[in-house]
Amino acid sequence: MLRLTKVTMRLRFGSLMFAVSCIASAAAGILMGIIISQGDQDELSAAPFTAAGICLIFSVCFSVGTEFSNGTVRNKLIQGYTKTQFYLVQLVTALTEALILCLCAGVPYILIGWNRFFSLFDTELLVKSLVLMAAGVLLSTAIIVFLCISVRNTAYALIVCAGALFLLFTVSNSLDSALTHPEYSKESGGEIEYDPETETETEITWEKVVPGKYYVKEPRRTVYTILWKIDPITCLRAAQDMVSCRDWREQHFTVEQNKALLDKDRAGEGKYLWDIDHLEDRLFGSIYYPIWSGLTVLVLTGIGILIFRKRNIS
Amino acid sequence: MEYVLKTNTLSKRYRKFTALDEVSLSVPKGSVYGLVGRNGAGKTTLMRVICGLQEPTGGSYSIYGVENGSRSIAASRKRMGAVIEKPAIYLGMSARQNLKVQYSLLGLPSDEGIDQLLELVGLTDTGKKKARSFSLGMKQRLGIAVALAGSPDFLLLDEPINGLDPQGIVEIRELILKLNREHSITVLISSHILSELSLLATHYGFVDKGRLVKEISAEDLERQVRKCMKVSVSDTKALTRVLDRQGCEYEIISDKDAKIYARIPITQLTTSLLEEDCELLTVSEADESLESYFIDLVGGGTDVKTD
C-alpha cells in the first residue's frame, strides 16, 4: 500500500493541475492578506481556505476521474492492490494535498495580515480558528474523495462535488439561522388613557416577555444541532465567528457576559437578541465540532469503501 | 496438463441479465487461448472477473491453482498482465513514463528492462511524445508493454485488434506470437475476428449468451473444419470396415452420419458398402470454415467477422 501511495502522490503532486491549484490558493491568500492589512475588515476570513477547497475539488476530480477514464485503476487492481487500498490511498493523497493547499493559502494570508490579526485577537483564538478552518477543509476533502470515487467521471464529479459543497454551505447557514432565533422576545407598547374628570391624557406603556415565534423547539432542536455540528462547513463558519469582532468582541466579550445576558433575558429583563446557548456553543464549543464531523466522515468513508468494493470496474 | 487458468461454473449476473452462465474453461500453460463470441457474449465480463475487477456472483476460478477466494489470489494476479477493452495508460505521459509508473507500482528496483520492453513492442522511437498523440495501434502496443512490465507469464488481451488498420493487426499478431513462442507467455485473447484468431490460437473457447458452448484445441478444430465428404449410411459399422480396409481417415458423427477426410470415388464406395449390406443414403461435400463452425455452434445472426 505504501508503494501505491508513493506512486499516487508522485503522480498527483507532479501534475500541472496541482501546480495551478497551489498558485491559485496562494494568490487567494495573498489577495485576502492585502485586503485584511489595508482594509476595514475586522475578522479572519475563511475565503482563502474556501479558495483552496475549490482548487482541491478540481484537482481531486481530475486526478481520480482520469484514473477511471484512462482505465489505469485496472492496472492497480490487476497488480494485486485491493479496492479498499485504492480508496484509502486516494483519500490519504487528497488529504495531504488539502493540507498543502491550506498552507499555500494560509501562510501568505497570515504573514501579510499579521499585524492586523494580532492587534485584534489573541494567539490562542487565532490558532484555534485556523485549526478549525483547516479541519473544515480536510473533512470536506474526505467527502470530495467519496463523491469522486462514487461518480468516477471527471465532469460529473465536478458537478456533484460543487453541488454537495453548496448544499453543505446552505444547510450550515440555514441551521445556524434557525438555531439563533430567540426563545423569548420582549414586546412593548403603550396607549394613551384619557381621564374625563381631570381632562388629562396619561400615557401607559407596557412590556411583556413572549415566546419567540421562530424558536426551534425540542426534539427538532437536537436534530438541528446535530446536523449543524456534523456539517464540516460549520467548522469554517465557527472559525470565522470565533475571530469576528462584529459578533463577539464588541458586544459579548466573554462567556460570563453572555451567560449573564441570557439569565437577565430569561428573568424578563433587558432585550433578548440571540439564542445564547447556540451562540455560546458556536463560539466556545466549536473547537470540538471537527470531532463530530470527523466521525461522520469516518462513517462516510466506510460506506464509500463498501460501495466501491461492491461496484464493478469497467 | 498444467493449467494457468481454470474456471468452475463461473457466473456473473447484473440484476436480471446473466453475463456469464456457469462457464467452465481451462487455459493450458503455454497456449494461446482464443475466446470467440459475438459482441455481448460475455468475453469481456469473463476477463474482468478473472482480473478481479468484478466479483463473480457464482462459481469460482483459479489462477495458477490459487482459488479466487484465497488471500493469495492477489499474488497470483501479479503473475499476469492484462489489456481489457482499451489500453490502460496515462495519456499525458510518454511511453517510457507510463512504463516507469508501472514499474514503480510493481516495486521493481530499477528501470532496467524498460528499453527492452519498448523495443519488444516497437515503441523505441517515440521519445517524449505523449501517449495522447499515439495512433490506436501504438496505444494498444503501449498497453501491452505496460501489461508485460514485471515479466508476467499469463497475458489477457481483450479484443486487441479492434479498430486497428491491417498493418496494426499484423504488428499485434506478430507481437502476440513472439510473446508466446519466444517468451513462453500463455495468452488468453478474445476476439470476434475469427480469421485473425485462427492465425494465433492453439485452443478455442466459444462463448455465446454467457455460456461456454464449446472448448476445443486448434488441432481438433482444424480436423473438424477441414474439407471432407459427409455421408449418411444405413450402417456405420459397415462403413467403418470399408474405410478401414481402404486406409481412409474418417470420423463417425452419429449412427448414420460420418465424415470422410479423403478423396474416394462414389461408385467404389457404393459398391464396397453394398458388399457389406449397407446402403449409401446421401453424400455431400463439406468445406466448413471457422465461421460456419461457429454459426453451427451458436446459431445464426452472428456478427462475427471472418475478413
Side-chain angles (χ1 to χ4, degrees), chain A residues 1-21 58-59 61-90 92-93 149 152-155 305-314, chain B residues 12-14 19 44-45 47-57 63 66 71-93 97-109 131-132 139 142-143 145-147 149-150 152 154-156 158:
Chain A
M1 190 167 160
L2 191 67
R3 203 184 294 148
L4 183 61
T5 313
K6 274 184 190 170
V7 172
T8 310
M9 283 197 177
R10 203 185 305 153
L11 286 172
R12 183 76 59 88
F13 301 141
S15 70
L16 180 68
M17 183 57 82
F18 176 69
V20 172
S21 298
F58 276 94
S59 183
C61 287
F62 271 92
S63 50
V64 176
T66 306
E67 285 282 347
F68 287 100
S69 61
N70 284 348
T72 41
V73 60
R74 293 199 300 255
N75 285 346
K76 291 167 178 117
L77 298 178
I78 292 166
Q79 290 311 322
Y81 295 106
T82 62
K83 288 178 181 173
T84 307
Q85 285 174 330
F86 177 82
Y87 190 107
L88 291 176
V89 164
Q90 290 298 331
V92 168
T93 310
I149 292 184
R152 301 190 287 187
N153 174 292
T154 309
I305 290 171
L306 285 176
I307 292 172
F308 186 50
R309 277 174 64 175
K310 287 281 169 199
R311 285 183 77 174
N312 297 318
I313 305 289
S314 55
Chain B
K12 176 72 184 173
R13 276 176 173 276
Y14 301 104
T44 304
T45 306
M47 290 202 170
R48 283 189 199 145
V49 170
I50 292 163
C51 288
L53 302 176
Q54 300 188 352
E55 288 298 316
T57 48
I63 303 167
V66 180
R71 279 185 172 268
S72 47
I73 189 74
S76 281
R77 282 213 186 91
K78 284 187 178 173
R79 293 176 67 182
M80 62 187 237
V83 182
I84 295 176
E85 285 176 294
K86 58 173 190 171
I89 49 174
Y90 291 100
L91 298 174
M93 290 184 183
Q97 284 171 327
N98 265 290
L99 285 171
K100 273 189 175 179
V101 169
Q102 190 66 8
Y103 265 53
S104 306
L105 272 176
L106 291 164
L108 297 176
R132 187 176 287 115
K139 281 180 188 166
L142 178 57
V146 169
F154 182 32
L155 191 63
L156 285 92
D158 182 29

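Every heavy atom of this structure was used, including side-chain atoms; hydrogens, water molecules and symmetry mates were not. Lettering of chains follows the sequences in order, A, B, ..., and the numbering in each one begins at 1.
The aromatic rings of Phe68(A) and Phe308(A) lie perpendicular to each other, with more than 60° between the two planes, well past the 30° mark.
Ranked by non-hydrogen atom pairs under 4.5 Å with chain A, the options Gly143(B), Ser104(B), Ala74(B) are led by Ser104(B). Interface summary for chain B: among Leu16(A), Leu11(A), Thr66(A), the most heavy-atom pairs under 4.5 angstrom belong to Leu11(A). Comparing Ile50(B), Thr44(B), Leu105(B), Val146(B) by how many heavy-atom pairs each has under 4.5 Å with chain A, the most go to Leu105(B). Among Leu77(A), Thr82(A), Asn75(A), the residue with the largest count of heavy-atom pairs under 4.5 Å with chain B is Asn75(A). When Ala147(B), Gly107(B), Gly81(B) are compared by the number of non-hydrogen pairs under 4.5 Å with chain A, Gly107(B) comes out ahead. For the options Val7(A), Val73(A), Thr72(A), heavy-atom pairs under 4.5 Å to chain B are most numerous at Thr72(A).
Across Tyr14(B) and Ala19(B), no two heavy atoms sit closer than the pair CE1-CB, 3.4 Å.
When heavy atoms are compared at a cutoff of 4.5 Å, Pro152(B) does not approach chain A at all. Neither the backbone nor the side chain of Lys310(A) comes within less than 4.5 Å of any heavy atom of chain B. Contacts between Arg77(B) and chain A at a heavy-atom distance below 4.5 Å involve backbone atoms as well as side-chain atoms. Using a 4.5 Å cut-off between heavy atoms, Leu106(B) contacts chain A through both its backbone and its side chain.
The shortest side-chain heavy-atom distance between Gln102(B) and Gln79(A) falls under the 4.5 Å cut-off. Using a 4.5 Å cut-off on side-chain heavy atoms (C-beta onward), Gln85(A) and Lys76(A) make no contact.
Taking a 6.0 Å sphere around CZ of Phe13(A), one finds it holds more than 12 heavy atoms contributed by other residues, nucleotides or ligands.
Between the side chain of Ser72(B) and the backbone N or O of Ala75(B) there is no donor-acceptor pair closer than 3.5 Å.
Here CZ of Arg309(A) is found 4.0 Å from OG1 of Thr84(A). Values are rounded to the nearest 0.5 Å.
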